[in-house]
Amino acid sequence: MNRPFSTNAPLAFGATDSETISIGEVISALMDRIAIIVGLALAAALAAFLFINSLVETYTASSEIMLFPQREKVLGSEELFDSSKPDEMLIATQVEVIESRAMAELLVDTFELNENPSWNGEATPRQGLALWIAQLTGRDAPRELTGEEKWLNAVNLVMARTGAVRVRDSLVLSIWATAYDPKLASDMANALRMTYIDSEKSVASEASARASSWFKQRLVTLEQELKDKERAVAEYRQSNGLIVASGSTLAEQQVLDSQTTVSKARDALLEKEAQLNQVIEASSSPDRLAEIGMAVGSTQIAELRRHDAEVSAKLADYATRFGPRHPQYKALVAESEDIRAQIKDETGRIIQTLQDEVDTARARLRLAERDMDGFEQKLSSNNQALVRLGELERDAEATKEIYENYAKRFQEVNDQASLGLTPVRLVSRAVAPSHGNTPSLALSLMAALIAGGLFGAAAALLLNALDDRLRTKTDISRKLGKAVYGVIPNQKPAVFEVLQQSSGSTEHRAAARRAAKPWNWLLDNKFSRFGEGFRLVQKYIQFANPNERSHVVAITSAVPAEGKTTNSICLARSIALSGRRTLLVDCDTRIRGVSKAFPALADKFGGLVAALDSETQVSKLAGQDPDTPLHVIGASEADKHAEDIFSSPKMRTFLERAALDYDTIILDTPPVLALSDATALAALATQTLLVVRAYHTPSRLARAAIEQIEEGGGQVSGVVLNRVQANSLGLFSSRDRDFYRKIKRSYYSQ
């Protein structure tokens, strides 16, 4: 009997062992706190109604303009300004200009808004609740302001009620203004647009004038700078002999001419040397003397050579005729020698002449080569000067290009000024709006209801997530991991019904109060939901361990006021009415709830301690319930001071003796976390039931009680969910709610 009781019984109807939260459970959580959801939705709707009712109708008008229209090509193929796409910063800058304080000040002065009470801060338009509060607090009376304060207030309000916004990703800006008068709103929007356009025209005109003046001054400076640089190029070219003719400089032409002269002088020298060598070679042989005349073109040597030949022929003839001693022969010999001497002298003269000509040609060659070297050195010097000349020419060319570009831009600026182009173009004018800015009351209330409902649902789910109390069988299964043996509806409405039906006499009301006790009301309404709940618990107790001859069931709770004693008495009576021999033992000696329910039986047999000490049969120590076959052993007043009676061997012996006389023994124990008696009794019981109060018992306390029982050697077989509102979703999950409501009218009397 002291072994822990365990069961493999399935979870009760509606329980689940899954950690997944179903949609039905979410709906159940929302319905549990439907009052919060409805309250927040109605509060939001009321706030929206009061807010909209307090709004004064305002009107917003807008005028649209296009930025940078001059980016289209106007002057031929050239663009007036930069054709690149304007960046976000440039467009944002234009918006800031429109929304600037300077623009607001111009509007205030144009429309004299500083004299308008609704703009200068003297009187703020109000209606509805806001007007009532202002009148009640005296804030609706005009205030005395200085002229400067009025003007500043009007400027600040205009800045808040005017502005510009970019239309999507285009170059179009929508300039808007808000006022209490629709015509004033359109007039302000148009005035703001015109003020901005006029300012842009003025800025563009001033910019063109400044640019034209600056370009003109710059062109004069560049023109003079270009002239100076071109003059420097010419002077440098002239001073360094870099005059160009026929595509080349003077030095280059001089080098070419000197090279030609040297070549001719060299050819002439070679020719003279060849003639000299030929004459010298010919003079060495008498037979070749004729070549000398041919080489130099001289006829004298040829004449002397012919004369010599004639004399030689005569000598041969005279030698034969007269002999060598003949005077004529000797005269011819002398003549021949004289001719040969003349030939020799002429040959020497020719050689000397040719030698002089060779020397002259060589001197000419040297002079030409010297001139060529000078010209080449001069050309080399000119090449270095050409580098500097190139730098000067490039500098002058760059200045010329800059001058031409500035001249072109100067012409473009003048053309733009003559065309009168501005960087803004009108797209549409503002017209007086026909509808105000106040939102639709119906749509606002609907949106407020939806928003408040959603916020309330979120709050309900958050509260549900933070709520640690056990509310449904699903909570018990998920948070405690235990089977739900039964769900006991709340009996207070039935008690009040019995009391209301009783007469006004003291006796009748006393009888009504007795009949209204849950355990007595159970007898009068056996087929109610209340009675069916205990019969279900009884079935689970019997089916949990059918082989046990006698069931010892400890009924306990984590903390007081959970309905533990009421459940013990009602369960015991329900089991006794089913025909099983049942004993109810009041083990809560401090409170003595069972004994107070049966005051006539409490001290009749001496109480629980006397029963433990007695060796008499247990059935003879128990009192008889006057209304049911139930036997009861109460606790006497003296039992309050008994210590450790439930952990003593006497208690174990008492339960073993009682099991011989009874099929079911119900032990009403103290709360687990209040006294240790419950832990000791749970270790002796075959089954232990933990009673938790719906929407009251925190799951952490229930878990602590289960852990304490199991650490003491006991085992919690199941949980009884007590005091559940029968018509609420706490009794069954959302899946079972409709099913339960259908069957209760057919099967339950209450």
Side-chain angles (χ1 to χ4, degrees), residues 23-24 26-64 99 113 116-119 121 123-140 157-168 172-190 192 428-464 728-729 734 737-738:
I23 297 178
V26 173
I27 296 176
S28 175
L30 295 176
M31 294 301 295
D32 285 345
R33 292 178 171 83
I34 191 65
I36 295 177
I37 300 175
V38 173
L40 289 176
L42 293 177
L46 178 61
F49 175 78
L50 295 177
F51 174 74
I52 294 175
N53 188 54
S54 65
L55 293 178
V56 178
E57 191 75 39
T58 59
Y59 300 87
T60 299
S62 62
S63 175
E64 294 184 348
E99 297 178 348
L113 298 178
N116 191 329
S118 62
W119 288 86
T124 302
R126 297 183 177 91
Q127 71 176 19
L129 181 63
L131 178 60
W132 181 78
I133 295 176
Q135 293 175 346
L136 186 64
T137 58
R139 296 181 180 179
D140 195 46
L157 191 56
V158 168
M159 291 183 65
R161 294 185 176 179
T162 59
V165 62
R166 184 180 183 183
V167 180
R168 293 180 292 276
V172 176
L173 290 183
S174 177
I175 300 176
W176 57 270
T178 300
Y180 298 113
D181 181 15
K183 187 176 185 308
L184 178 60
S186 62
D187 291 343
M188 290 179 62
N190 287 324
L192 181 58
S428 66
R429 292 180 174 84
V431 296
S434 58
H435 300 286
N437 299 326
T438 303
S440 170
L441 180 60
L443 293 178
S444 299
L445 291 178
M446 184 179 298
L449 282 172
I450 294 175
L454 292 177
F455 182 76
L461 293 177
L462 178 61
L463 292 175
N464 185 74
S728 71
L729 295 180
S734 59
R737 179 170 175 262
D738 294 336

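- A pairwise comparison of heavy atoms in Leu449 and Ala45 identifies CD2-CB, 3.6 Å as the closest pair.
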Any chance you could lay out the side-chain contact (heavy atoms from CB on, under 4.5 Å) test for Asn116 and Tyr180, step after step, and finish with the verdict? CA-CA 12 Å; Asn116 191 329; Tyr180 298 113; over 6 Å; no

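- Across all their heavy atoms, Met159 and Glu99 have their closest contact at CE-O, 3.9 Å.
- With sequence neighbours left out, the side chain to side chain contact (heavy atoms under 4.5 Å, CB included) criterion links Ala44 to Ala448.
- Listed by chain and number, the residues in a side chain to side chain contact (heavy atoms under 4.5 Å, CB included) with Leu462 are Leu466 (sequence neighbours excluded).
- Residue Leu461 holds its CG atom at 7.0 Å from CD1 of Ile37, rounded to the nearest 0.5 Å.
- Of all heavy-atom pairs between Ala189 and Ala61, the closest is CB-O, 3.7 Å.
- Atom CG of Leu192 and atom CG of Asp187 lie 12.5 Å apart (nearest 0.5 Å).
- When every heavy atom of Thr162 is checked against every heavy atom of Ala177, the shortest pair comes out as CG2-CB, 3.9 Å.
- Residues passing the side chain to side chain contact (heavy atoms under 4.5 Å, CB included) test with Leu454, sequence neighbours excluded: Ile450.
- In terms of heavy-atom proximity, Trp176 sits nearest to Ala160 at CH2-O, 3.9 Å.
- Rounding to the nearest 0.5 Å gives a distance of 10.5 Å between CE of Met188 and OG1 of Thr60.
- Shown here are the side chain to side chain contact (heavy atoms under 4.5 Å, CB included) partners of Ser428, two or more places apart in sequence or in another chain: Glu64.
- Applying the side-chain hydrogen bond (donor to acceptor under 3.5 Å, both in side chains) rule to Ser63 yields the partners Arg193; only residues at least two apart in sequence or on another chain are considered.
- To the nearest 0.5 Å, atoms OG (Ser434) and OH (Tyr59) are separated by 9.0 Å.
- Among residues two or more places apart in sequence or in another chain, the side-chain hydrogen bond (donor to acceptor under 3.5 Å, both in side chains) test is passed with Thr58 by Asn437.
- In plain terms, the two heavy atoms of Ile36 and Gly456 that are nearest each other are CG2-O, 4.4 Å.
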